[in-house]
K.L.:
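Quick one: the structure is below, and I'll ask about it shortly.
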Amino acid sequence: MLDLNHIRAQFPILKTKMSGKPLIYFDNAATTLKPQSVINDVTRILSSQSVNIHRGDYQLSYDISNEYEEARVSVAKFINADVNEIVFTSGATEGLNAIAYGLEHHLNEGDVILTTHTDHASNLLPWIEVAKRRKAKIEYFKLTEEGRIDLSKLDQALHSKVKFITLVHVSNVLGFINPVEDIIKMAHQRNMVVILDGAQSVAHIKMDVKALDVDFLAWSGHKMCSPTGVGVLYGKKEWLEQLKSIKLGGGSNAQFNEQGEVILKSVPTRFEAGTPAIESTIALKSALQFLDSVGMHHIHEHEVILKNHFLSKIQDFKHITVYNPSTDTGIVIFNVEGIFAQDAAAYLSSHGIAVRAGNHCAKLIHHVIGVTETLRASFYVYNTIDEVDHLVEVLRDITLEKCVDLYI
Amino acid sequence: MLDLNHIRAQFPILKTKMSGKPLIYFDNAATTLKPQSVINDVTRILSSQSVNIHRGDYQLSYDISNEYEEARVSVAKFINADVNEIVFTSGATEGLNAIAYGLEHHLNEGDVILTTHTDHASNLLPWIEVAKRRKAKIEYFKLTEEGRIDLSKLDQALHSKVKFITLVHVSNVLGFINPVEDIIKMAHQRNMVVILDGAQSVAHIKMDVKALDVDFLAWSGHKMCSPTGVGVLYGKKEWLEQLKSIKLGGGSNAQFNEQGEVILKSVPTRFEAGTPAIESTIALKSALQFLDSVGMHHIHEHEVILKNHFLSKIQDFKHITVYNPSTDTGIVIFNVEGIFAQDAAAYLSSHGIAVRAGNHCAKLIHHVIGVTETLRASFYVYNTIDEVDHLVEVLRDITLEKCVDLYI
Amino acid sequence: MDINDPQLMRSIIMDHYQYPRNRRECHDHDCKSVHMNSESCIDDIMVYVKLDHGVIKDFRFTGQACTISTASTSILSELVKGKTLDEAKHIIMEYRKMVNLESFDAETLEEAIAFSNIGKQANRIKCALIGWDALSQIIAESEE
Amino acid sequence: MDINDPQLMRSIIMDHYQYPRNRRECHDHDCKSVHMNSESCIDDIMVYVKLDHGVIKDFRFTGQACTISTASTSILSELVKGKTLDEAKHIIMEYRKMVNLESFDAETLEEAIAFSNIGKQANRIKCALIGWDALSQIIAESEE
Ligand SMILES: Cc1ncc(COP(=O)(O)O)c(C=O)c1O
Ligand SMILES: Cc1ncc(COP(=O)(O)O)c(C=O)c1O
């Protein structure tokens, strides 16, 4: 069991209130809270080391450049990659766009990109765009009734026209862990490239890119206890070198001349044009230290305990429909009968509870669950059974009248 | 005159030391220091409001979304734009790339993009790339001997093939303020679009996009007292609507379906896919308040006073060559005879003085000044005459022996 | 109607949410439509308005929306059907005053007074305005 | 040579910086070249090496570089010309030890001992290694 007091003490926001009630934060799939060590990094840098990186012209700049590179080393270790396979981005969305646009030149007419209906707009839209431009096609994995990738149809799905497979590792709506080991193995036998959207996985389950043998992986720091503005794009060295850099500028080039001849720097520097989010990137290292101090295995276990507790407590509630009862992670989506998701969320907010309402940016998800708008509670390492119980109690008594009463 | 004690008291880093000496920070063109109000914003948000924006599902999220939009209002006021003409980016480099790639579809074979040899890689490289792809051509303004745009050649430069004019407003190497009013006026008479790289101007001289009538303007927050990770892309409404959004994902689309039909949200939301740098963006508002509290006019005046003082003090130093003696701003580039720029910078660092050495990412600049590597001192609002005097004293006595002695 | 009777106000909102009036599409060629979705609200509604010689002949809407959006749009539909543009603009103006917690003419707003306290819940104001903004937009465009 | 004589050490570095040895291009077809530029250093140098039957026949370099890079590469050029690859590798190894502030064989390094304290200036270590890294790379490639 986790030492939750010790963990919670590290998150100052957990001492605050919302609507006058102690904050119960269950919107972890949107973003996670930040531990004091991460906050301290940012404050320290802004207060006493706020200089630019990438040059050792003076001591402060040298020191902060070093810290920036140390963050890269930490990230590499965290996912078992080589340090020059780690590109810092502004977030998962930038990383996923960089992959799609950066691989665009490999696409020919008729090529197929395989993805899922549960994927996030940040992974689907860039591919829809490049597919249009290259006259390539998007296809979707066949799903089982509950929304899992149908492994029995894998052989069919990975037909000879498929070039890239891009999919969410853990769905931010259904909470399912996709069977990426099987997919990657079969894909590589057929010379296909596999890209994972790790926005909901890297902070929740142990990730080993070498063992997984995945070609690309992108995620956001803010969903793993870091500040906003930073993300990571991992690519196997040989694939990063095949990726066209789509953001060009200061720091990315070794040389260029009037004739338009440009020599880019080597990987990964080539992809990091311009001044990055220095404080946020450096703070990522402290975030990883926090996660390591708890242990990724324990984090996942804890989420599952909370989720199971929640599901068992509400299973008799006739007015609640859960759309992903077999979720593998701390993500649960549900609705209250007769109450629009946002109204229910607002009611929970009045009790200090933060959950998300909407389509969660996975706009094809209605193909799977039949509805577009749901409530999402997503649990993380600092959440407690007591907090879940509180949610259960509020849900037990929720009525449309009570929701409407907030406004009259 | 500025109340420098009051100003300096707001920047905690000015109380620190480098190499055991009080820090004298003259690398302001690389990035500026951060006032306490900005640091406080970031710390506050990370400590008690670190939730995601763009949804009012619960109170905290609603509040932080509002603060984010208030930052947009502040920026709009600061440059006299409409609020829906302000797009938040991760920095000048992303903004400038977004413009070049976003306008790419307007380029036809033979079209000309006009720019300068003094422009920054972050503005030149994206245009070099899209020009290649569209078989368009890059041309360069004719410069006077000292490196200013030659107004007498303007008529010739803006010939009928020119479609886009993209240039640095204030050169980060030469410190010249380009005559953008004249260029914009003439360009608009000829139906050309003008894009300004405002990285070195918006934090230094009063900017009024309506008066200037500029079509696009991009810059970085970190060069105007904000944290890193945030920048601004301004575009006239009608031109923003012509800009193709190149980063797609969550938040940027209103709707999309399996057939690949995508409806993007309206401007500027369409350009802000994914979770942005929330803390940094909100802190931008406090940075603007700080700048307003001093007054942009006074800031520019102060920089010019420091620069003039510096130039007059070193004018008799035979061992110092200044490459931009008529600089309009606080940016001065120079070399010490017989000492490579980086060695001189390291020596200054050992005296607590931060200056930059190198080509400053303006890699075509040697066409103008004849050398590739220089030292750059760039002054800002919190710098003092005393600090400049200290730099002068250290430069008076610098020798190659002393530089080498640091290492033996 | 007694604005101080919370039970009455609540029942108006619930009734219009559960049984929204005029919720159906309109594809007549003389039906102007506008698609509204707000950043701070997951609402996504279409508003259809048929104008004829300065009179609102029909007002319909469709889409997924919260209680506040649905009920306020439903009430609006009943309020403005058959009214002249000037009358509709007056109603909208009074409603906006109410939502901004200014003094307003309760008479004019009829059942819409159920939202007289929505202004205290800043995060839902946009929901209470979504249909009304749509109508304002259509009226403005018709007058261009 | 007395490693504790700062004047001597300084004069070695200055001499090699001001009058670098073997600073010229080599475009012979049997001259391998490698372009080095480091993130933390504005140095930008080309190193040219001619190998013949396991012996370094020639070592040249060109480019813009700081005192440390220029002098250390110039000293290297003199040290390794005419040496076998094994001898060169030994010299490089000892130099790396020195730069990492480990104990090393001063005899082997000759004038290169002028950089015996560079390891204390972490921000310039890369400069002191730039030419040496280039040679290591060329040797490694030749042995593949
Ligand atoms: C003139 C100019 N343009 C663009 C940039 C790029 O800014 P950033 O690194 O913040 O993206 C800089 C900063 O070095 C600059 O000085
Ligand atoms: C599965 C998934 N992919 C991508 C993203 C986009 O992440 P970001 O908004 O940090 O760019 C998210 C976050 O909502 C997500 O859940």
Side-chain angles (χ1 to χ4, degrees), chain A residues 12-13 16 18-19 27 30-31 33-34 39 42-43 46-48 50-52 55 57-60 90-94 97 120-122 125-126 128-129 132 138 220 222 227-229 247-250 253 256 258 260 262 273-280 342 345 349 354 356-357 361 363-364, chain B residues 12-13 16 18-19 27 30-31 33-34 39 42-43 46-48 50-52 57-60 90-94 97 120-122 125-126 128-129 132 138 220 222 227-229 247-250 253 256 258 260 262 273-280 342 345 349 354 356-358 361 363-364:
Chain A
I13 192 174
T16 66
M18 180 165 71
S19 317
D27 194 16
T31 196
L33 306 176
K34 320 304 172 200
I39 303 168
V42 175
T43 310
L46 291 176
S47 304
S48 61
S50 62
V51 301
N52 216 325
R55 257 343 194 322
D57 302 339
Y58 47 92
Q59 194 60 40
L60 266 180
S90 64
T93 298
E94 183 178 80
N97 274 269
H120 190 277
S122 295
L125 291 181
I128 288 176
E129 171 67 17
K132 258 184 219 161
I138 307 275
S220 290
H222 71 91
T228 57
K247 191 168 89 174
L248 303 168
N253 66 96
F256 66 92
E258 210 180 347
V262 179
T275 305
I278 300 172
E279 308 88 76
S280 298
Q342 201 177 26
S349 171
R356 192 78 184 283
C361 295
K363 297 205 177 175
L364 303 181
Chain B
I13 192 175
T16 65
M18 180 165 70
S19 317
D27 194 17
T31 196
L33 306 177
K34 321 303 172 198
I39 302 168
V42 175
T43 311
L46 291 176
S47 304
S48 61
S50 62
V51 302
N52 215 324
D57 301 340
Y58 47 93
Q59 194 60 41
L60 266 180
S90 65
T93 298
E94 183 178 80
N97 274 268
H120 189 277
S122 294
L125 291 180
I128 287 176
E129 172 66 18
K132 261 184 216 160
I138 307 276
S220 291
H222 71 91
T228 57
K247 190 169 88 173
L248 303 168
N253 67 95
F256 65 92
E258 211 180 347
V262 178
T275 304
I278 300 172
E279 308 88 75
S280 299
Q342 201 178 26
S349 171
R356 192 80 185 284
C361 294
K363 296 203 177 177
L364 304 181

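Atoms considered below: every heavy atom in the structure, side chains included; atoms not considered: hydrogens, waters and symmetry mates. First the proteins, then the strands, lettered A, B, ... as listed; each starts at 1.
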K.L.:
Less than 4.5 Å to any heavy atom of chain A: does that hold for the side chain of B:Pro276, its backbone, both, or neither?
P.N.:
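The backbone, not the side chain.
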K.L.:
Does A:Ser90 reach the main-chain N or O of B:Ser90 with its side chain, forming a donor-acceptor pair under 3.5 Å?
P.N.:
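No; judged by distance alone, with no hydrogens or angles, the pair does not exist.
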K.L.:
Under 3.5 Å, is there a donor-acceptor pair between the side chain of A:Glu258 and the main chain of B:Leu364?
P.N.:
no
K.L.:
Testing the basics here: between B:Gly260 and A:Ile128, what is the closest heavy-atom pair and its distance to 0.1 Å?
P.N.:
O-CG2, 3.7 Å
K.L.:
If we define contacts as heavy-atom pairs under 4.5 Å, which of A:Leu33, A:Val262, A:Thr275 has the most with chain B?
P.N.:
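Most heavy-atom pairs within the cutoff with chain B belong to A:Thr275.
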K.L.:
Do B:Val51 and A:Asp27 make a side-chain contact, defined as non-hydrogen atoms from C-beta onward lying under 4.5 Å apart?
P.N.:
no
K.L.:
Can you give me the closest heavy-atom contact between A:Asn97 and B:Lys247, atom names plus distance?
P.N.:
OD1-CA, 3.5 Å
K.L.:
Checking A:Asn52 against chain B: side chain, backbone, both or neither under 4.5 Å from a heavy atom?
P.N.:
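Its backbone and side chain both get close to chain B.
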K.L.:
Which bit of A:Leu248 comes within less than 4.5 Å of chain B, counting heavy atoms only: side chain, backbone, both or neither?
P.N.:
both
K.L.:
Please find the pair of heavy atoms, one from B:Ala121 and one from A:Phe256, that lie closest to each other, and give the distance.
P.N.:
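The pair with the smallest heavy-atom distance is CB-CE2, 3.8 Å.
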K.L.:
Under 4.5 Å, counting heavy-atom pairs only, tell me which of A:Lys132, A:Lys34, A:His120 racks up the most with chain B.
P.N.:
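Maximum pair count with chain B is reached by A:Lys34.
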K.L.:
Among B:Ser19, B:Gly91, B:Ala273, which residue forms the greatest number of heavy-atom pairs with chain A at distances under 4.5 Å?
P.N.:
B:Ala273
K.L.:
Would you mind telling me which of A:Pro12, A:Gly229, A:Ser122 has the largest number of heavy-atom pairs within less than 4.5 Å of chain B?
P.N.:
A:Ser122
K.L.:
Select one option (side chain, backbone, both, neither) describing which atoms of A:Val42 are under 4.5 Å from chain B's heavy atoms.
P.N.:
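Only the side chain of A:Val42 comes within 4.5 Å of chain B.
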K.L.:
Non-hydrogen atoms of chain B under 4.5 Å away: do they reach the side chain of A:Ser48, the backbone, both or neither?
P.N.:
both
K.L.:
Please flag which part of A:Leu60 lies under 4.5 Å from any non-hydrogen atom of chain B: side chain, backbone, both or neither.
P.N.:
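For A:Leu60, backbone and side chain are both near chain B.
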K.L.:
Would you confirm whether B:Asp57, through its side chain, and A:Ala345, through its main-chain N or O, come within 3.5 Å as a donor-acceptor pair?
P.N.:
no
K.L.:
Please classify the contact between B:Leu46 and chain A as side chain, backbone, both or neither, with a heavy-atom cut-off of under 4.5 Å.
P.N.:
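Both backbone and side chain.
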K.L.:
What option among B:Pro126, B:Gly249, B:Gly274 has the most heavy-atom pairs under 4.5 Å with chain A?
P.N.:
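If we count pairs closer than 4.5 Å to chain A, B:Gly249 comes out on top.
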K.L.:
B:Ile278 versus chain A, heavy atoms under 4.5 Å apart: side chain, backbone, both or neither?
P.N.:
both
K.L.:
Counting heavy-atom pairs under 4.5 Å to chain B, which of A:Glu279, A:Glu129, A:Gln59 comes out on top?
P.N.:
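Ranked by contacts with chain B, first place is A:Glu279.
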